[in-house]
Amino acid sequence: MTKERLYLFDTTLRDGQQTQGVQFSTGEKQKIAAALDKLGIDYIEGGWPGANPTDSDFFDAVPALANATMTAFGMTKRAGRSAENDDVLAAVMNANTPAVCLVGKTHDFHVTTALGITYQENTENVRASIAHIVASGREALFDAEHFFDGYKSNPEYALEVVKAAFDAGARWIVLCDTNGGTLPSEVKAIVGKVIEAGIPGSHIGIHCHDDTGHAVANSLAAVDAGARQIQGTLNGLGERCGNANLTTIIPTLLLKEPYKSTLDTGITTEALAGMRKLSRLLDDILNRVPAKQAPYVGASAFAHKAGLHASAILKDPSTYEHIDPALVGNSRIIPMSNQAGQSNLRRRLAEAGFEVDDKDPALPRLLEEIKERESRGYSYDTAQASFELLARETLFQPRPFFDVDRYRVITERRRNAKGEVISVSEAVVSVWIGTQRVTSFYENEHADQLTDAGPVNALSMALAKDLGPYQSLIEDMELVDFKVRITNGGTEAVTRVIIDSEDSTGRRWSTVGVSANIIDASFDALLDAVNWKLVQDGAEPV
């Protein structure tokens, strides 16, 4: 059976940059573009030339692409001037990209209210702009802004505009659900009407926003109706609620029927296995904590907490998994919690590399210890590293790498020489390594900065400053996330701290600490983070 070609258009670097709090540097845009090209994306929309210095600089230094077509974004010419003499359109054309995507109005309300021109003037602006792109030898794409709202308001005019763009030579007519309020059944029906009006599905794209949580479903509904291009962003970036998430759409197209058997995206199964890594790359660039419950690529996407689930997973993973996690570069997790049974425990121990007999009396002791600790506020379903350390201690009673003798941390708020209010933290940590006592001191050296000013960071830096024979193993450790939760209220409140750490290999692990004192809880989580790293790197107790 011959598959139809479905094209993927990534707008992370343009529409994704509209996300609140997101601003890519030129170097970051180059890095993301190279990763998208390696994945096998067909089109990469690099930004709007002339709209800001970063986008202009990017188009001056576009990385070499092996698979993708680099695309510049802009808007159709303005009324009252020709396409050849519109300076905004000229800036887009001067980027010299093989493809150009122009946005134009298709909603009658926006034509008269936002632009303040006649329907005929708007249609001519679209036609002339697309014709100008085609005449220059570029591939033309027309983003039909607010198309679905426009179609519901005035279907004759919405179709008039997109047909004018198509007749002018646009390779793609991209139907945009700009406000994100259309539902899948509407999308499928309206895309069908556009095809009936004479624009082939092989020339129709879909661009959805996620304001009702249906951007992925709407994109697939458009494909079901015959559209053969999907626009979206990595991790669903985009203004307001985001765009259609390509990190979800791509695995669905490659792994789910009927798309798997009928459509070819140009993305290989080998490239698909890098999907989780690509998602994490974007999060790392944005300095964001990855969404654990993200479909396919999230850390919890294949986590099985309930004992009943874990028992079935041991027999056949397909009982509670819709795909093999490895297909998207993910992995199965059997968390430990007070809901867990021995099935979870045995599976989790096996995954951690512990060989324990099923009848070992230490198993029920470990399970009871976990449940007792969770009754005091610990949580091991998200702190796998702390669970593994507790299991080692309970099952094998290994010697510690070091013992903490004492620590002290002080945070001072004062004014600096410029009269600015600053916070300065200093910490002292003393540990025993074998028979040697080591004391380390750390003071924040940049108190006028917002970074590195807190007591937990000061403790972390002091602890990691000198661990003797273990120092080389922990030098690439970095604290990347810090979460605090109060597990009960009032004067007996207990604080739970979860710390995420990462090393230079990209390995990431979570540890937990619990105490009525937030500093104590944080320090316990820090100790677990260091000890887990030493275990993983094969350190031997002195």
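Throughout, numbering of the chain's residues begins at 1 and tracks the sequence.
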Verdict with supporting geometry, L479 and L526, side chain to side chain contact (heavy atoms under 4.5 Å, CB included) = CA-CA 9 Å; L479 190 157; L526 285 171; 3.8 Å; yes
query = Would R392 and E388 count as a salt bridge (Lys or Arg N to Asp or Glu O under 4.0 Å) if you check the C-alpha gap in whole Å, the side-chain angles of each, and the deciding distance to 0.1 Å?
reply = CA-CA 6 Å; R392 282 172 55 85; E388 292 179 17; over 6 Å; no
query = Quick one: CZ on R437 to CG on D403, what's the gap to the nearest 0.5 Å?
reply = 12.5 Å
query = Between D284 and K31, is the closest basic N to carboxylate O distance under 4.0 Å?
reply = no
ask   = Please walk me through it: do K29 and D55 pass salt bridge (Lys or Arg N to Asp or Glu O under 4.0 Å)?
value = CA-CA 9 Å; K29 294 185 78 162; D55 282 5; 2.5 Å; yes
Salt-bridge contact R78-D87 (side-chain N to carboxylate O under 4.0 Å) = yes
request  = Kindly assign one of parallel, tilted or perpendicular to the pair F73 and W48, based on the angle between their ring planes and the thresholds 30° and 60°.
outcome  = perpendicular
inquiry  = Measuring from atom OH of Y43 to atom SG of C101, what distance do you get when rounded to the nearest 0.5 angstrom?
reply    = 10.5 Å
key: Side-chain donor-acceptor pair present, W509, Q384, cut-off under 3.5 Å   = no
query = Is there a side-chain hydrogen bond (donor to acceptor under 3.5 Å, both in side chains) between S515 and N517 once you walk through the steps?
reply = CA-CA 5 Å; S515 174; N517 183 313; 5.6 Å; no
query = Between F109 and H107, what is the ring plane arrangement, given parallel below 30°, perpendicular above 60°, and tilted in between?
reply = tilted
ask   = Under 4.5 Å between any side-chain heavy atoms of T71 and L141, yes or no?
value = yes
key: Flag, side chain of E393 to backbone of L390, donor-acceptor distance under 3.5 Å   = no
request  = Evaluate salt bridge (Lys or Arg N to Asp or Glu O under 4.0 Å) for R288 paired with D283, printing each intermediate quantity in order.
outcome  = CA-CA 5 Å; R288 287 185 167 191; D283 285 327; 5.8 Å; no
task = Over all heavy atoms of both residues, which pair between K77 and S129 is shortest? Give the atoms and the distance, please.
result = N-OG, 2.8 Å
request  = Say whether, by atom type as modelled, one donor and one acceptor occur between the side chain of Q436 and the main chain of G468 under 3.5 angstrom.
outcome  = no
More than 12 heavy atoms of other groups within 6.0 Å of R485 CZ = no
key: Test log, rule salt bridge (Lys or Arg N to Asp or Glu O under 4.0 Å), inputs E412 and R414   = CA-CA 6 Å; E412 177 187 11; R414 57 177 172 81; 3.7 Å; yes
query = Quick check: does any side chain N or O of E478 sit under 3.5 Å from a backbone N or O of S501, one acting as donor and the other as acceptor?
reply = no
R415 side chain vs E420 backbone, donor-acceptor pair below 3.5 Å = no
message = With heavy-atom distances below 4.5 Å as the criterion, would you say the side chains of I498 and T511 are in contact?
response = no
Donor-acceptor pair between Y378 and D524 side chains, under 3.5 angstrom = no
task = Flag the pair F9 / I44 as yes when at least one side-chain heavy-atom distance between them is below 4.5 Å, and no otherwise.
result = no
remark   = So CZ of R240 and CD of Q20: to nearest 0.5 Å the spacing works out to 12.5 Å
key: R365 and E369 ion-paired at < 4.0 Å   = no
ask   = Is any side-chain heavy atom of F401 less than 4.5 Å from a side-chain heavy atom of L467?
value = no
request  = Could you check D405 against S430 for side-chain hydrogen bond (donor to acceptor under 3.5 Å, both in side chains), going step by step and ending with a plain yes or no?
outcome  = CA-CA 5 Å; D405 181 46; S430 291; 5.0 Å; no
task = Please report the C-alpha distance between I519 and L459 in whole Å, then the side-chain angles of each, then the deciding distance to 0.1 Å, and finally whether the side chain to side chain contact (heavy atoms under 4.5 Å, CB included) criterion is met.
result = CA-CA 9 Å; I519 302 299; L459 277 173; 3.6 Å; yes
key: Residue pair T252 / Y296, side-chain donor-acceptor N/O under 3.5 Å   = yes
ask   = Is there a donor-acceptor pair under 3.5 Å between the side chain of N330 and the backbone N or O of G298?
value = yes
task = Output the distance between atom CG (L237) and atom OG1 (T11), rounded to the nearest 0.5 Å.
result = 10.0 Å
message = Is any side-chain heavy atom of N245 closer than 4.5 Å to one of D210?
response = no
Among L8, D143, D15, I206, side-chain contact (heavy atoms from CB on, under 4.5 Å) partner for Q231 = D143
ask   = For A525 and G513, which heavy atoms make the closest approach, and how far apart are they?
value = CB-N, 3.7 Å
task = Give the minimum heavy-atom separation between S386 and V512, together with the two atoms involved.
result = OG-N, 2.9 Å
key: F396 ring center within less than 6.0 Å of F354 ring center   = yes
ask   = Taking all atoms of both residues into account, what is the closest heavy-atom pair of N243 and G238, and its distance?
value = OD1-CA, 3.3 Å
query = Taking atom types as modelled, is there a side-chain donor on Y380 or R373 under 3.5 Å from an acceptor on the other?
reply = yes
request  = Look at the aromatic rings of H146 and H110 and report parallel, tilted or perpendicular, splitting at 30° and 60°.
outcome  = parallel
ask   = Below 4.5 Å, heavy atoms only, C-beta onward: do K483 and D500 meet side chain to side chain?
value = yes
Pair N444-S425, side-chain donor/acceptor within less than 3.5 Å = no
inquiry  = For D10 versus L234, what's the shortest heavy-atom pair and its separation?
reply    = OD2-N, 3.8 Å
task = Give a yes or no answer on whether the side chain of N96 reaches the backbone of N94 with a donor-acceptor pair at less than 3.5 Å.
result = yes
ask   = Is there a side-chain contact between V530 and L534, using heavy atoms and a 4.5 Å cut-off?
value = yes
Closest contact, heavy atoms only, A427 versus A462 = O-CB, 3.9 Å
key: Min side-chain heavy-atom separation V100-V92 under 4.5 Å   = yes
task = Go through the side-chain N and O atoms of T12 and T233 and say whether any donor and acceptor fall under 3.5 Å apart.
result = no
request  = Mark yes or no for whether N179, through its side chain, and G181, through its backbone, hold a donor-acceptor pair below 3.5 Å.
outcome  = no
key: Q471 CD to D466 CG distance, which is reported to the nearest 0.5 Å   = 6.0 Å
key: Name of the residue among R508, K533, Q536 meeting side-chain hydrogen bond (donor to acceptor under 3.5 Å, both in side chains) with D503   = K533
key: F24 side, atom CZ; R14 side, atom CZ - distance, nearest 0.5 Å   = 12.5 Å
message = Before you tell me yes or no, could you show the steps for N235 and S279 under side-chain hydrogen bond (donor to acceptor under 3.5 Å, both in side chains), namely the whole-Å CA-CA distance, both residues' side-chain angles and the distance that decides it to 0.1 Å?
response = CA-CA 6 Å; N235 293 351; S279 173; 2.7 Å; yes
task = Quick one: do M275 and T247 satisfy side chain to side chain contact (heavy atoms under 4.5 Å, CB included)? Show the steps, please.
result = CA-CA 7 Å; M275 185 60 65; T247 316; 3.9 Å; yes
query = Does T19 reach the main-chain N or O of G16 with its side chain, forming a donor-acceptor pair under 3.5 Å?
reply = yes
